Amino acid sequence: MSRELSEQEINRRHKLAQIREMGIEPYPAALYNVTHLSSDIKTDFDHAQIEQYREETVSLAGRLMMVRDMGKAAFAELQDSSGRIQLYIQRDEICPADDVDKNYYKTFFKKLLDIGDYIGITGYKFKTKVGEISIHVKSLQLLSKALSPLPIVKTDAEGNKHDEFLDPEQRYRMRYVDLAVNDFVKPLFMRRFKMMQSIRNFFNAQGWIEVETPVLQPIHGGAAARPFKTHHNTLDMPLYLRIANELYLKRLIVGGFDGVYEMGKMFRNEGMDRTHNPEFTALELYVAYKDYFWMMDMTEKMLSTVVQEVCGAAVIEVGNHQIDFASTYTRLTMYEAIEKYTGIDISEMDEQQIRQVCHQLHVHIDNTMGRGKLIDEIFGAKVEQNLIQPTFIIDYPIEMSPLCKKHRSKPGLVERFELFINCKEVANAYSELNDPIDQRERFEEQLRLAARGDEEAMVLDEDFLRSLEYGMPPTSGIGFGIDRLAMLLTNQVSIQELLFFPQMKPEKMD
RNA sequence: GAUUCCGUAGCUCAGCUGGUAGAGCAAUACACUUUUAAUGUAUGGGCCCUGGGUUCGAAUCCCAGCGGGAUCACCA
């Protein structure tokens, strides 16, 4: 990359050279002994001990974020991983004894250091005249010179922010800058990772095992989606980035695990927008000897626990709604849900009649759609928008669910549920299909759909069928969209806010 | 993919019905030993996204392209 340097970038390179001329290494190799985080200093500050603090040396490191130069003294702000703290720096204290011209302060500190530079300081805790907890600096060392100026975000006395770094493109492309200057970013990610940890804790406490299954798969199974295709040179064969890990996790249940789960990246070669990224994180869990009713109970328990742990309350604000994760979630069958929000009972209707209903409701459909797909379209257009509070929609048409067990008592349906929260699908679960002969027929039906032109139809996985023939216990499985869940728990509408590095168009570097 | 808005200094943005650019912050220099968006004084900084067109003259009007946002549709 070659580009013209801005005035400020040239300045900083000159300063870098001058620092070296002074005999100071701008990128020292040695570790810097940090004794405190800025947050420790602030939370542990004891006013009764201000006198004793003078004798107690603390050492901090971080970025220099602001300097208020007062002549022979200055105030500065140091930002470390835990926040910011003010530094008070006096000329005569930081200059070495032999530095008679006070160049360490006058030249090095005042002229050659910039906002964004990493520094380490030692000093003691104190409080300024106006009461701000600060560090009285006794020594200051450059740890890493920054050659590009950071966007300066300033907050005034009323809390108004000035010159904010808010352009989404810049923020996502340069997440390192976003994290450095925007204090609202890190807490979102902390909450996301706390949520993932809380889920893991919950599952581990049940004795379920966290496993890893292939990302590169010869057959992309387990979901209906277009995959990314790649090629393995040594084997000279095509491989697909997984769109789901379902079929591998079930093989592990066949192998004798009682409960396995995996939290990992899935890849789908489809649209991108504020709720879809080409790679996203899914959680899948399979538990032997259970059914989908049990899984609904588990889901309620898990989510109420996790939300309580992560948000400190089980009722949280999402958009304009208070969403209650603690109560028992409403359970509606697909047919009941459609009847509730359209007034039409389609449970006994055939494909032609349902097609009529679609026209009547102004639901957009096309001729390739079968009965199951038509029902799904009505649901998407008329029901989803109403499902604010956590709601289980259960008993789906069999056509849409080739990996799900037939309903124990309702012909044409499967034992499946999806969990909707704030109008979005958050989880999808089955009583898993473990009848190998039925499974083969379902795959064959998918092949027929593919032949009709359905690009998302599933591919027949012969090895998976073989595994079922060795016997899979009755099992219930569930998949959660982790990014979606994180969006709910952080009240964010854009998935990009919960991904450190969302997929972007290639950047032009001229 | 459709609609719509935007692209001006390092950053955030002004710039009217066309007359070749402005503010605040940042930068540079000086002053100031308890400030906190520190302050005061001074200075430098622009291919006005790109390419065409209209015009005596375009940051401004028109067309095309590139980049981005928002909304809508499909997928988690």
Side-chain angles (χ1 to χ4, degrees), chain A residues 4-12 14-15 65-77 84-94 102 105-106 110-111 114-116 126-132 134 136 148-173 177 181 223-226 243-244 265-284 364 366 376-377 380-381 418-420 424-428 455-456 479-485 487 493-496 504-508 510:
Chain A
E4 267 182 52
L5 296 176
S6 69
E7 180 194 26
Q8 296 190 39
E9 289 169 318
I10 293 166
N11 282 343
R12 288 184 181 221
H14 286 155
K15 290 176 180 183
M65 293 303 280
M66 185 171 287
V67 178
R68 293 180 285 274
D69 172 19
M70 309 286 299
K72 294 179 183 62
F75 289 91
E77 280 174 31
R84 286 194 192 187
I85 193 159
Q86 180 171 263
L87 308 178
Y88 179 60
I89 300 157
Q90 285 192 12
R91 184 190 70 180
D92 298 341
E93 287 180 295
I94 68 158
K102 307 292 185 190
Y105 181 81
K106 274 161 52 183
K110 280 176 66 163
K111 289 192 196 296
D114 285 299
I115 285 166
F126 84 115
K127 213 165 188 182
T128 62
K129 266 184 188 168
V130 288
E132 179 154 351
S134 307
H136 192 121
S148 291
L150 280 177
I152 312 282
V153 180
K154 293 190 170 186
T155 309
D156 66 22
E158 285 86 48
N160 302 312
K161 297 204 169 172
H162 300 263
D163 295 335
E164 280 192 284
F165 180 67
L166 290 180
D167 175 20
E169 188 193 359
Q170 300 279 357
R171 288 184 51 224
Y172 302 150
R173 283 198 197 284
V177 174
V181 304
R226 293 210 301 276
I243 56 174
K265 285 285 180 72
M266 304 298 153
F267 307 85
R268 297 190 182 175
N269 207 343
E270 294 174 339
M272 280 170 61
D273 59 28
R274 69 195 183 293
T275 56
H276 297 86
N277 195 63
E279 57 183 286
F280 62 100
T281 302
L283 163 66
E284 293 206 25
H364 296 290
D366 63 55
D376 195 52
E377 291 294 319
E418 290 189 335
L419 173 61
F420 287 83
K424 292 270 158 47
E425 183 200 330
V426 169
N428 180 23
E455 287 186 66
E456 295 183 343
F480 289 90
I482 287 295
D483 313 280
R484 294 269 171 96
L485 210 50
M487 287 163 70
V493 294
S494 166
I495 195 171
Q496 284 83 5
M504 308 283 286
K505 284 188 186 173
E507 185 177 7
K508 271 194 170 169
D510 33 53

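Remember, it's a predicted structure, so these values are computed and weren't measured experimentally. Residue numbers begin at 1 in each chain, while the letters A, B, ... track the order of the sequences. Side-chain atoms are counted along with the backbone in the values below, which use heavy atoms only and exclude waters and symmetry mates.
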Practice prompt. Considering only atom P, compute the distance from B/rA26 to B/rU39 and round it to an integer number of Å.
Written response: 8 Å
Worksheet item: What do you reckon, do A/Phe280 and the base of B/rA76 stack, with centroid distance below 5.5 Å and planes below 30°?
Response: yes
Worksheet entry | Closest listed nucleotide, where the reference is the side chain of A/Arg268 and the choices are B/rA76, B/rA38, B/rC11 | B/rA76
Worksheet entry | A/Lys72 side-chain N/O to B/rU33 phosphate OP1/OP2 under 4.0 Å | yes
Worksheet item: Phosphate oxygens OP1/OP2 of B/rG68: is one of them under 4.0 Å from a side-chain N or O of A/Arg171?
Response: no
Fill in: Nearest-angstrom distance, C1' atom, B/rG1 to B/rG57
41 Å
Worksheet item: From A/Asp483 CG over to A/Met487 CE, what is the distance, rounded to the nearest 0.5 angstrom?
Response: 8.5 Å
Worksheet item: If we take the P atom in both B/rG18 and B/rU55, what is their distance in whole Å?
Response: 15 Å
Worksheet item: Considering only side-chain heavy atoms of A/Arg173, which listed nucleotide, B/rG68, B/rA38, B/rA27, is closest?
Response: B/rG68
Discussion item. For a quick test of reading the model, state the closest non-hydrogen atom pair linking A/Lys15 to A/Asp114 and the distance between them.
Written reply: NZ-OD1, 2.6 Å
Worksheet entry | N/O (side chain, A/Arg68) to phosphate O (OP1/OP2, B/rA38) under 4.0 Å | yes
Item to complete: Answer with base, sugar-phosphate or nothing: what part of the nucleic acid does A/Glu164 contact at a heavy-atom distance below 4.0 Å?
Response: sugar-phosphate
Worksheet item: Under 4.0 angstrom, heavy atoms only, what part of the nucleic acid is A/Asn428 near: base, sugar-phosphate, or nothing?
Response: nothing
Fill in: Phosphate-side-chain proximity, A/Lys154 and B/rU36, N/O vs OP1/OP2 below 4.0 Å
no
Worksheet item: For residues A/Gln496 and A/Ser494, is any side-chain donor paired with an opposing acceptor at under 3.5 Å?
Response: yes
Practice prompt. Name the nucleic acid region contacted by A/Asn11, choosing base, sugar-phosphate or nothing; use a 4.0 angstrom heavy-atom cut-off, strictly under.
Written response: sugar-phosphate
Discussion item. Whole angstroms only, please: what is the CD-P distance between A/Gln170 and B/rC6?
Written reply: 19 Å
Worksheet, complete the sentence: Using Watson-Crick geometry (N1-N3 plus N6-O4 or O6-N4) or G-U wobble (N1-O2, O6-N3), each under 3.5 Å, B/rC47 is paired with none
Fill in: Nearest-angstrom distance, P atom, B/rU17 to B/rC62
12 Å
Discussion item. Regarding A/Lys127, tell me which of base, sugar-phosphate or nothing describes its non-hydrogen contacts under 4.0 Å with the strands shown.
Written reply: nothing
Worksheet item: Base, sugar-phosphate alone, or nothing: which one does A/Phe420 contact when heavy atoms must sit under 4.0 Å apart?
Response: nothing
Discussion item. Which nucleotide wins on minimum distance to the side chain of A/Tyr88, given the candidates B/rU34, B/rA27, B/rA76?
Written reply: B/rU34
Worksheet item: Say you pick atom C1' in B/rC74 and the same atom in B/rC63; how far apart are they, in whole Å?
Response: 33 Å
Fill in: B/rU8 and B/rU60, which share atom name C1', separated by this distance in whole Å
11 Å
Practice prompt. Using a cut-off of strictly less than 4.0 Å, decide whether A/Lys424 has a side-chain nitrogen or oxygen near OP1 or OP2 of B/rA76.
Written response: no
Worksheet, complete the sentence: Taken to the nearest whole Å, NZ/A/Lys106 to P/B/rA31 is 9 Å
Worksheet item: Are side-chain N/O atoms of A/Gln90 and A/Tyr88 paired as donor and acceptor at under 3.5 Å?
Response: yes
Worksheet, complete the sentence: Mate of B/rU4 across any strand shown (Watson-Crick or G-U wobble, both atom pairs under 3.5 Å) is B/rG69
Item to complete: Looking only at non-hydrogen atoms, find the nearest pair between A/Ile495 and A/Asp273 and report the distance.
Response: CG2-O, 4.0 Å
Practice prompt. Would you classify A/Gln90 as touching base, sugar-phosphate or nothing, given that sugar-phosphate means primed atoms plus P, OP1 and OP2, and contacts are heavy atoms under 4.0 Å?
Written response: base
Discussion item. By a 5.5 angstrom centroid cut-off and a 30 degree plane limit, is there stacking between A/His162 and B/rA37?
Written reply: yes
Worksheet item: Should the pair A/Glu279-A/Arg268 be classified as a salt bridge under the 4.0 Å nitrogen-to-oxygen rule?
Response: no
Worksheet entry | Nucleotide nearest A/Glu425 (side chain, heavy atoms from C-beta), chosen from B/rU33, B/rA76, B/rU35 | B/rA76
Worksheet item: With nearest nucleotides of RNA chain B determined for A/Lys111 and A/Val130 from heavy-atom distances, which residue corresponds to the more 5′ nucleotide?
Response: A/Lys111
Worksheet entry | Listed nucleotide nearest any side-chain atom of A/Glu169, set B/rU36, B/rG67, B/rA27 | B/rG67
Discussion item. Base, sugar-phosphate or nothing for A/Thr128? Non-hydrogen atoms, less than 4.0 Å.
Written reply: base
Worksheet item: Which part of the nucleic acid, if any, lies within reach of A/Gly71 when heavy atoms closer than 4.0 Å are counted: base, sugar-phosphate only, or nothing?
Response: base
Discussion item. Measuring only the C1' atom in each nucleotide, how far is B/rU35 from B/rG40? A whole number of Å is fine.
Written reply: 15 Å
Discussion item. Just to be sure I understand the rule, does A/Arg12 reach a base, reach only the sugar-phosphate, or reach nothing, if contact means heavy atoms closer than 4.0 Å?
Written reply: nothing
Discussion item. Distance check, C1' atoms only: B/rU4 and B/rU43, in whole angstrom units.
Written reply: 43 Å
Discussion item. Please classify the nucleic acid contact of A/Asp273 as base, sugar-phosphate, or nothing, using heavy-atom distances under 4.0 Å.
Written reply: base
Worksheet item: Given B/rU35, B/rA37, B/rA27, which nucleotide is nearest the side-chain atoms of A/Asp156?
Response: B/rA37
Practice prompt. Using heavy atoms to find the nearest nucleotide of RNA chain B for A/Glu7 and A/Lys15 separately, return the residue whose nucleotide is more 5′.
Written response: A/Lys15
